Amino acid sequence: MSEFAPICIYLVISPLVSLIPLGLPFPFASNSATYPEKLSAYECGFDPSGDARSRFDIRFYLVSILFIILDPEVTFSFPWAVPLNKIDLFGSWSMMAFLLILTIGFLYEWKRGASDRE
């Protein structure tokens, strides 16, 4: 049983470490009903105008999707570039194929006008 003592201690301490910071502010927090301003909507210090559920332009989503697609390029390029003198011919050509696929996708996106601003 003594070999499981560190695991048992860990299982007791880890919930305490995570729950104490979550529960610590509650005794010190004031009642928000006493401050009606805290219950009002906040929009840069001004009264809110318009509906909060207004539709966004699709280009905002497109920019974020393009970022998500092109972000792995850096993630995959860094481990390839660090030991560049130790990578054989197959590693070099596989990275070139990966970069070619990304370049074709970027050219397609550019041709379709996805990043054009109006």
Side-chain angles (χ1 to χ4, degrees):
M1 188 65 173
S2 66
E3 64 259 8
F4 295 115
I7 296 173
C8 293
I9 293 171
Y10 177 76
L11 289 175
V12 169
I13 291 178
S14 61
L16 290 176
V17 167
S18 61
L19 292 177
I20 287 175
L22 286 174
L24 192 63
F26 287 108
F28 302 107
S30 64
N31 189 1
S32 62
T34 59
Y35 302 108
E37 280 296 317
K38 290 204 174 243
L39 298 176
S40 67
Y42 178 74
E43 185 176 325
C44 301
F46 300 106
D47 290 331
S49 62
D51 187 18
R53 292 188 175 97
S54 63
R55 296 184 60 151
F56 285 105
D57 192 4
I58 192 68
R59 282 175 275 166
F60 290 114
Y61 297 111
L62 188 61
V63 167
S64 65
I65 289 172
L66 289 174
F67 175 76
I68 290 171
I69 290 171
L70 293 176
D71 194 39
E73 177 184 3
V74 175
T75 306
F76 290 129
S77 298
F78 184 72
W80 172 75
V82 170
L84 192 55
N85 58 348
K86 296 178 183 164
I87 292 181
D88 58 348
L89 196 59
F90 176 75
S92 297
W93 282 111
S94 63
M95 182 51 84
M96 291 304 137
F98 174 70
L99 292 174
L100 178 71
I101 292 169
L102 281 175
T103 304
I104 290 170
F106 177 71
L107 292 175
Y108 175 76
E109 173 260 326
W110 190 7
K111 183 177 167 109
R112 296 283 297 198
S115 61
D116 291 344
R117 303 278 185 223
E118 290 180 0

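Numbering of residues begins at 1 and proceeds along the displayed sequence. All values reported here derive from a predicted model rather than from experimental measurement.
Transitive grouping of hydrophobic side chains (ILVMFWY, heavy atoms separated by less than 4.5 Å) keeps I101 and M96 in distinct clusters. I7 and V17 fall into different hydrophobic clusters, where Ile, Leu, Val, Met, Phe, Trp and Tyr are joined by side-chain heavy atoms under 4.5 Å apart, directly or via other members.
The two residues P27 and G23 have their closest heavy-atom pair at CD-O, 3.4 Å. Residues P21 and L16 share a closest heavy-atom pair of CD-O, 4.1 Å.
Here the CD1-OG distance, from I9 to S14, works out to 11.5 Å after rounding to the nearest 0.5 Å. Taken from SG in C8 to CD1 in I13, the straight-line distance is 11.5 Å, to the nearest 0.5 Å.
W110 places a side-chain heavy atom less than 4.5 Å from the side chain of L107.
Legend: ring pair (Phe, Tyr, Trp, His ring centres under 6.0 Å) pairs involving residues 81-103, not counting sequence neighbours, sorted by first then second residue: F76-F98.
Scanning for side-chain contact (heavy atoms from CB on, under 4.5 Å) contacts around I104 gives L100, with sequence neighbours left out.
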